[in-house]
Amino acid sequence: MSTKVPGDKPTTKKMSNAGSSVHIGAMEESFGVDPQIVFETEASSVPAAGPRLSLDPEVAFKVEDVIFGIPRSQLLDSELFRDMLSSEHIGSPDEGTEANPIVLDTVSLSQVTSFYQVINCRRFDPLPKLSLKQWSEAHQLATIWGFGYLRKYIYQILDGLVQDPLDRIELAEERGFREWLHPAYAKLCARDAPLTAEEGGRLGLERFAAIGWIREMELRERFRSAGGLQAIQMDL
């Protein structure tokens, strides 16, 4: 029976690199193989496994109809996979091979694709061009699977990437970045432009009302500090 690895949500396609199963390994590092991901729907398009040069043994995983490999040395950075790989075998002697991959049936192909692109980015490579959603998905799996260093790295990327206070509030709620919330609330309270109905919908009624109340109190305080009614009467 295949080993099941925990994830966040159940799902049930196929990832290949120019028509073959995706592999992250020495050939990409040494010969510059383009790790571009191509999605296919025909299971028959994956060729039979053949001999492959690899100085770093890979562990094979399967998500939906996709088989992909991650070097064992990278998996050792994960609390989850390090414990799994330290046992005599993963479930059967050939578990984790291309013929008998470890099944990841509680994560989506979208999540794994995002995570793959980040973990496959080498030190001097440019950052992968991912959307905010993809960076968030990569952080989600790095957290679930216990990739501590990778999780911190993605967090730093997200911290620099997300500047809009509403976006930061939403991502903080999604990914548990509680330290982002109060600075983002403060920016919304301090800005000159009033909150819009659309922003109120994103914030939710309770936070929208709280921020509106703080803005009103600050406006009254500035009004009093500027002379208040006396200033108005002088103008009249």
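Values in this document were obtained by computation on a predicted structure and should not be read as measured data. Side chains included, hydrogens not; waters and symmetry mates left out as well; all remaining heavy atoms used. The first residue in the sequence is number 1, and the count goes up from there.
Trp180 and Leu166 fall into different hydrophobic clusters, where Ile, Leu, Val, Met, Phe, Trp and Tyr residues are linked whenever their side-chain heavy atoms come under 4.5 Å apart, directly or through other members. Trp145 and Ile157 fall within a single hydrophobic cluster, where Ile, Leu, Val, Met, Phe, Trp and Tyr side chains are chained together by heavy-atom contacts under 4.5 Å. No path of Ile, Leu, Val, Met, Phe, Trp and Tyr side chains, each step under 4.5 Å between heavy atoms, connects Met217 with Leu188, placing them in separate hydrophobic clusters. A continuous path of hydrophobic side-chain contacts links Leu80 to Leu150 [ILVMFWY only; heavy atoms under 4.5 Å]. In terms of hydrophobic clustering, with Ile, Leu, Val, Met, Phe, Trp and Tyr side chains grouped at heavy-atom distances under 4.5 Å, Ile169 and Trp213 are assigned to different clusters.
The CZ atom of Arg207 lies 7.0 Å from the CG atom of Leu181; values are rounded to the nearest 0.5 Å. If you take OG1 on Thr106 and CD1 on Ile144, they are separated by 7.5 Å, rounding to the nearest 0.5 Å. To the nearest 0.5 Å, atoms CG (Leu104) and CD (Gln111) are separated by 10.5 Å. The line from CD of Glu98 to CD of Glu58 is 9.0 Å long, rounded to the nearest 0.5 Å. For the atom pair Ile211 CD1 and Leu203 CG, the distance stands at 5.0 Å (nearest 0.5 Å). Going from atom CG of Leu141 over to atom CD1 of Ile154 covers 9.0 Å, rounded to the nearest 0.5 Å.
Between Asp105 and Lys62 there is no salt bridge, since no side-chain N of the basic residue sits under 4.0 Å from a carboxylate O of the acidic one. Residues Arg151 and Asp77 are not paired through a salt bridge, judged by the lack of any N-O separation under 4.0 Å between the basic side chain and the carboxylate.
Taking a 6.0 Å sphere around CD of Glu79, one finds it holds 12 or fewer heavy atoms contributed by other residues, nucleotides or ligands. The neighbour count for Glu179 CD, taken as heavy atoms of other residues, nucleotides or ligands under 6.0 Å away, is above 12. Enclosure of atom CD in Glu206 is not indicated, since only 12 or fewer non-hydrogen atoms of other residues, nucleotides or ligands lie within 6.0 angstrom.
His182 and Tyr185 have perpendicular rings, their planes meeting at more than 60° on a 0 to 90° scale where under 30° would count as parallel.
In this structure, the side chains of Val66 and Val112 stay at 4.5 Å or more apart for every pair of heavy atoms. Within the 4.5 Å cutoff, the side chain of Val162 has no heavy atoms near those of the Trp135 side chain. Side-chain contact between Ser110 and Lys133: present, with at least one pair of heavy atoms (C-beta onward) separated by less than 4.5 Å.
Judged by distance alone, with hydrogens and angles left aside, the side-chain atoms of Arg72 form no donor-acceptor pair with the main-chain N or O of Val59 at under 3.5 Å. Under the 3.5 Å distance criterion, the side-chain polar atoms of Thr143 are matched with a main-chain donor or acceptor of His139. In terms of modelled atom types and a separation under 3.5 Å, the side chain of Glu173 and the main chain of Glu170 share no donor-acceptor contact. Listed for the Arg175 side chain is no donor-acceptor partner under 3.5 Å among the backbone atoms of Phe177.
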Report the C-alpha distance between Arg202 and Asp167 in whole Å, list the side-chain angles of each, state the deciding distance to 0.1 Å, and finish with yes or no for side chain to side chain contact (heavy atoms under 4.5 Å, CB included).
-> CA-CA 9 Å; Arg202 294 173 64 182; Asp167 289 340; 2.7 Å; yes
Report the C-alpha distance between Phe61 and Phe81 in whole Å, list the side-chain angles of each, state the deciding distance to 0.1 Å, and finish with yes or no for ring-ring contact (aromatic ring centres under 6.0 Å, His included).
-> CA-CA 12 Å; Phe61 297 89; Phe81 291 118; 5.3 Å; yes
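Of all non-hydrogen atoms in Arg191 and Arg215, the two that sit nearest each other are O-NH1, 2.8 Å. The minimum heavy-atom distance linking Leu127 with Tyr153 is given by the pair CD2-OH, 2.8 Å. Taking all atoms of both residues into account, the shortest heavy-atom contact from Glu64 to Leu109 is OE2-N, 3.2 Å. Across all their heavy atoms, Cys189 and Ile214 have their closest contact at SG-CG2, 3.6 Å. Phe208 and Gly200 make their closest contact through CD1-CA, 3.2 Å (heavy atoms, listed as atom of the first residue, atom of the second, distance). Residue Ala184 comes nearest to Arg168 through the heavy atom pair CB-CB, 4.5 Å, listed as atom of the first residue, atom of the second, then distance.
Aromatic ring centres of Phe68 and Phe115 lie farther apart than the 6.0 Å criterion allows.
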